[in-house]
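Below you'll find the structure, written out as structure tokens, and then a few comments.
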Amino acid sequence: PNMIVIDTPGMIHPPKGRQLTHQQRALAQAAREAESLVLSKIRCQDYIILCVEDTTDWKHATTRNIVMQADPQLTRTVLVTTKLDTKLPQFSEPQDLEEFIRAPIVKE
């Protein structure tokens, strides 16, 4: 069978607060639209999801949380986390690195 790759927009962390500037409101709207588009594509049960994460804080994987809305058990998702070398200083204990490598399911 043929494979079709759909490259969706990257997820952005929207600004929060009550007193957002015009630019921040536009960024928050763009984040909502990108999330909606991605979810509409990945909800198809026939699709395999490639989730590429580059997070500053590895314990709060925003992209993975969005993917889990469509694939809660990550049974059709491949997780790829990039730039491990920049994350090494975040691991204070050996079990932190082990937990990261095992790619646990992130709770909302």
Side-chain angles (χ1 to χ4, degrees):
N2 293 331
M3 178 170 40
I4 299 170
V5 177
I6 301 171
D7 186 10
T8 60
M11 306 309 307
I12 51 178
H13 191 71
K16 296 186 181 191
R18 296 175 187 242
Q19 304 273 340
L20 298 178
T21 66
H22 175 71
Q23 184 177 9
Q24 290 171 321
R25 284 192 304 275
L27 183 60
Q29 178 63 28
R32 285 189 297 274
E33 289 173 4
E35 182 176 332
S36 176
L37 173 67
V38 169
L39 280 170
S40 73
K41 295 295 181 187
I42 66 176
R43 286 195 196 280
C44 178
Q45 294 299 306
D46 294 331
Y47 289 0
I48 296 171
I49 303 165
L50 176 61
C51 177
V52 180
E53 298 177 314
D54 175 23
T55 56
T56 332
D57 184 358
W58 64 276
K59 289 194 179 213
H60 300 97
T62 306
T63 307
R64 191 180 314 170
N65 285 332
I66 292 169
V67 166
M68 289 179 64
Q69 292 177 42
D71 183 21
Q73 301 301 314
L74 300 175
T75 56
R76 56 189 182 90
T77 301
V78 177
L79 297 171
V80 177
T81 304
T82 62
K83 300 184 176 116
L84 178 61
D85 60 318
T86 63
K87 292 174 185 11
L88 289 177
Q90 296 179 29
F91 304 118
S92 57
E93 301 290 328
Q95 58 266 29
D96 290 340
L97 179 59
E98 185 178 317
E99 180 181 334
F100 176 78
I101 290 172
R102 274 189 280 122
I105 295 177
V106 176
K107 302 284 186 216
E108 289 187 35

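Within the model, atoms NZ of Lys41 and OG1 of Thr8 stand 9.5 Å from one another, a figure rounded to the nearest 0.5 Å. The distance from the CZ atom of Arg64 to the CG atom of Leu79 is 5.0 Å, given to the nearest 0.5 Å.
Grouping the Ile, Leu, Val, Met, Phe, Trp and Tyr side chains by contacts below 4.5 angstrom, directly or via other members, places Ile48 apart from Ile42. Note on Val78 and Val52: same hydrophobic cluster, where clusters join Ile, Leu, Val, Met, Phe, Trp and Tyr whose side-chain heavy atoms are under 4.5 Å apart, directly or indirectly.
Residues Cys44 and Arg76 approach most closely at O-NH1, 3.0 Å, considering heavy atoms. Here the shortest heavy-atom pairing between Thr77 and Cys51 reads CG2-CB, 4.1 Å.
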**Message:** Applying side chain to side chain contact (heavy atoms under 4.5 Å, CB included) to Gln69 and Ile66, what does each step give before you reach the verdict?
**Reply:** CA-CA 5 Å; Gln69 292 177 42; Ile66 292 169; 4.3 Å; yes
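Residue pairs satisfying the side chain to side chain donor-acceptor pair (under 3.5 Å) criterion with at least one member in residues 19-29, sequence neighbours excluded, are listed as follows: Thr21-Gln24, Gln29-Arg32, Gln29-Glu33.
Residues passing the side chain to side chain contact (heavy atoms under 4.5 Å, CB included) test with Ser40 are Leu37, sequence neighbours excluded.
Judged purely by atom type and a 3.5 angstrom limit, Gln45 uses its side chain to pair as donor or acceptor with the backbone of Arg43.
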